[in-house]
Amino acid sequence: MSHDGKLEGRHVLVLTTNYGTEQDELRKPVAVLRENGARVTVAAQKDEPVRTLVSDRRPGADVTPDTTLAQATADGYDAVVVPGGTINADHLRADSDARRLVAAFAEEGKPVAAICHGPWLLVDSGLARDRELTSYPTLRPDLENAGGTWLDQEVVVDTAGEHPLITSRKPDDVDAFAAALVRSLEDDGTAAA
């Protein structure tokens with residue numbers, strides 16, 4: 001695996017529960033970030049393997065987390081990533097540590113990235129209001145009711161708010177999602193709107 005060091009010195013936090021995360025939405029962005037030189041820390045609810053799923057149904061690969069949501073902070077990280085998976089996202093949005101973490105990244109002006117059902121966490125954290133974003137299509141009413149503008153695009157990068165917001169619709173969009181995340185971190189991730 002060739003290492004392009006354009007994200008050398010960047011550190012990204014990924015939030016997940018321990019069951020139901022969409023396999024490719026967790027593993028692919030992590031792999032792309034690492035291939036580009038970033039350090040990636042996976043934070044799960046419990047210090048035990050993350051049991052991923054494929055299409056919310058079939059068992060996927062297990063992923064070993066590096067820390068727990070309760071132990072994690074935004075300090076020392078340049079961006080946060082929220083993968084989807086219906087079960088994962090539904091439990092993550094109700095997790096006070098997950099809400100605390102995405103709010104902290106947003107307050108510090110750091111990129112917040114969420115894919116598929118992951119944007120549910122943005123609704124429950126108050127981060128969808130007045131933002132352009134996308135998600136799995138069934139979340140459109142939730143995001144619009146939370147004050148967001150939903151767009152049917154593979155990736156939406158909104159830099160008009162206090163922090164960059166990167167969202168995608170589904171596993172098929174994960175490559176575009178990961179590429180947008182890399183570009184955001186290359187742009188320093190600190191450029192204020």
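Atom set for the values below is all heavy atoms of this structure, side chains included, hydrogens, waters and symmetry mates excluded. We count residues from 1, following the sequence as given.
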- [ ] Flag yes if Ile115 and Leu33 sit in one hydrophobic cluster, no otherwise; membership is Ile, Leu, Val, Met, Phe, Trp, Tyr, and two members link when side-chain heavy atoms are under 4.5 Å apart.
- [x] yes
- [ ] Using salt bridge (Lys or Arg N to Asp or Glu O under 4.0 Å) as the criterion, list what pairs up with Arg100, not counting sequence neighbours.
- [x] Asp97
- [ ] Only counting residues at least two apart or in another chain, list the ones meeting salt bridge (Lys or Arg N to Asp or Glu O under 4.0 Å) with Arg27.
- [x] none
Task: Test applied, side-chain hydrogen bond (donor to acceptor under 3.5 Å, both in side chains); reference residue, Asn88; option that passes from Thr21, Asn18, Asp56 - done: Thr21
Open item on the list: Rounded at 0.5 Å granularity, tell me how far CZ in Arg58 sits from OG1 in Thr52.
Closed with: 11.0 Å
Task: Test salt bridge (Lys or Arg N to Asp or Glu O under 4.0 Å) applied to Asp158 - qualifying residues, sequence neighbours left out - done: Arg131
Task: Partners passing salt bridge (Lys or Arg N to Asp or Glu O under 4.0 Å) against Asp124 (at least two apart in sequence or in another chain) - done: Arg93
Open item on the list: Run the ring-ring contact (aromatic ring centres under 6.0 Å, His included) test against Tyr19 and tell me which residues pass, sequence neighbours left out.
Closed with: none
TODO: Could you pull out the closest heavy-atom pair between Asp62 and Pro49, with the gap in Å?
DONE: OD2-CB, 4.1 Å
Open item on the list: Could you work out, with side chain to side chain donor-acceptor pair (under 3.5 Å) as the rule, every residue matching Asp152, not counting sequence neighbours?
Closed with: Arg169
TODO: Would you name the heavy atoms of Glu25 and Gly85 that are closest together and state the gap between them?
DONE: OE1-N, 3.6 Å
Task: His11 and Tyr77 aromatic ring geometry - parallel, tilted or perpendicular at 30°/60° bounds - done: tilted
Open item on the list: Same cluster or not: Ile166 versus Leu26, using hydrophobic residues (I, L, V, M, F, W, Y) connected whenever any side-chain heavy atoms lie under 4.5 Å apart?
Closed with: yes
Open item on the list: Quick check: closest heavy atoms across Pro119 and Thr134, and the distance to 0.1 Å?
Closed with: CG-O, 3.6 Å
Task: Residue pair Pro29 / Asp24: nearest heavy atoms and the distance that separates them - done: CD-O, 3.3 Å
Task: Residue pair Gln153 / Val156: nearest heavy atoms and the distance that separates them - done: OE1-CG2, 3.7 Å
TODO: Keeping the roles fixed (side chain from Arg34, backbone from Val40), state whether a donor-acceptor pair exists under 3.5 Å.
DONE: yes
Task: Test side chain to side chain contact (heavy atoms under 4.5 Å, CB included) applied to Thr17 and Asp95, Asp90, Leu92, the passing residue - done: Leu92
Open item on the list: Are there over 12 heavy-atom neighbours, none belonging to Asp47, within less than 6.0 Å of that residue's CG?
Closed with: no
Task: Side chains of Thr16 and Pro65 in contact at under 4.5 Å (non-hydrogen atoms) - done: no
